[in-house]
Amino acid sequence: MQRSSVSSALFEMGNTRVIVAVYGPREVQNKSQQNNNQALVRCEYSMANFSTGDRTRRQKGDRRSTEISLVIRQTMEASILTHLMPRSQIDIFVQVLQADGGTRSACINAATLALADAGIPMRDIVTSCTAGYLCSTPLLDLNYVEDSAGGPDVTVGILSKMDKVTLLQMDAKLPMDIFENVMQLAIEGCKAIANYIREVLLENTKQLESRRGG
Amino acid sequence: MATSARGGGEGEAAAGGGGGGGAAAEMEVEAYRRLFPVAYFERHLRESVRLDARPLASPRDTSVALGLVGSADGSALVKFGDTTMVAAIKLEVMTPPAESSDEGSVAVEFYMPPICSPTVRPGRSAEVAPVISKQLSDVIMSSGMINLKDLCLINGKASWIAYLDIYCLNADGSLFDAALVSTVAAFTHLEIPLVSVSDDGRVVTVPGELEGKTKLPLVNKDKRKLMLNNVPFSLTCGLHKEHILVDPTAEEESIIETFVTVVLDTLGRVVSVYKPGGSVLAYTSILKECITLAKRRAQQLRNILNESVSAMEVDKSS
């Protein structure tokens, strides 16, 4: 989508639209934070004022944005091979254009695409999906209306091939056995997204190859 | 045009490097481009082309798409080559101040999030962002594009405030021009929500589905679209020595120091001219040339906008 030193990805999950730009590895901007053994990963999450139903003037550093920035950063850090790029910095910037539930997951999926597009070495593709439980039915990928219905909301992030869970968040109460079902459903959702992402990346690489070689 | 520009650059590099392989020559050209940007640029100007092989007076491919953001009352996506802008309008009901009780208001804000350019650091917004916000605000008011009285609902009690948010998703030069087109496009797409007055005197918006079912009086049933008069279009030209370059990219903007932005309305009247300093001192002849180029561009932009509006109407009816 953009030129040279930037890699970017646009990810849509239903009506939730998220754009992610990845810069790096590049020189560390704040020398005091430089790590001689691995790369620094930085993430900033922001929502456009028109992204939700009511226009809200959002402050950059508000609590929700900071929390989600931290979650995305730590989830991606689990996969990026930071020790291969010491003394450098990788910036992940997330901009939500339209929010309809599952923004966290869409951000993580878009970040994976952008990082892969940037050629940053990762252990595995990280994908994320939400699941909930309403009217005695487990539901996959809740939208805003379903999310605000007051039922539990489980967000799962996995390293798809390695089958390891890197992110797990839940609010509200849920009995243990139902929780296992819901989590399993979310993991299946993540795997489906991983397959889709893999296809997209393969297609992208083929196009690049034909442009280069042809 | 494309092959000649590339050939020029590569030919030079090949002559210098003894005609290396394709990839090596390309790397030398890239190195020359980074190390001596002004010389690389002027070498192109001598052949009357630019870095992306455009002729000097030619703007980039422009596209406009309306209605991108479903949650907004009006929205548009505009691309000038790689420069990408998303504009969205949300209308809210407010109580108008006493001195302008029959008018609404427009609040414009231009954002440059860090995704738009590697030069924008988080925590510190780009220097040009508030400047462009102000320029847009001024142009919208001075061109008279929107009659604020059209935004009035109930005189003295309720009127609309239109919050226009423009996000730059990719900054590759000509930011003001792209932002202005996205503003115009978003207002063209804008559909004012239905409102009615509830029992306790509050003005409430009525979602589309309840249009036929509400018992409350609908206040603005026939005023759903905003009338836009004297629509402004702009063109930014860079002045480098004696050359005028239309619609500069970010790379060109980093080399050129002098810019002239001309804003014209539909009747061809000059709404604003903006030349903020710069080393090139322009004669009136150069400014006249810029205005002529702006006229041509305004016509082009008007056509592109009208095409996207009719495309949207086709989509709606189908």
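Chain A is the first sequence line, chain B the second, and so forth, proteins listed ahead of strands; every chain is numbered from 1. Note that these values count all heavy atoms, side chains included, but never hydrogens, waters or copies made by symmetry.
In this structure, A:I19 and B:I115 approach most closely via the heavy-atom pair CG2-CD1, 3.0 Å. Shortest non-hydrogen contact noted between B:S71 and A:Q98 is OG-CG, 3.8 Å. Residues B:P113 and A:Q95 come closest through the heavy atom pair CB-OE1, 3.3 Å.
For B:D61, the CG atom is loosely surrounded, since the number of other residues' heavy atoms within 6.0 Å does not exceed 12.
Considering only heavy atoms from C-beta on, B:L68 comes within 4.5 Å of A:R17 through its side chain. Taking the side chain as every heavy atom from C-beta outward, B:Y167 and A:F50 approach each other to under 4.5 Å. B:V120 places none of its side-chain heavy atoms less than 4.5 Å from the side chain of A:F93.
To the nearest 0.5 angstrom, B:N170 atom CG is 7.0 Å from A:S8 atom OG.
Looking at A:Y23, its side chain does come within 3.5 Å of a backbone N or O of B:P114 through a donor-acceptor pair.
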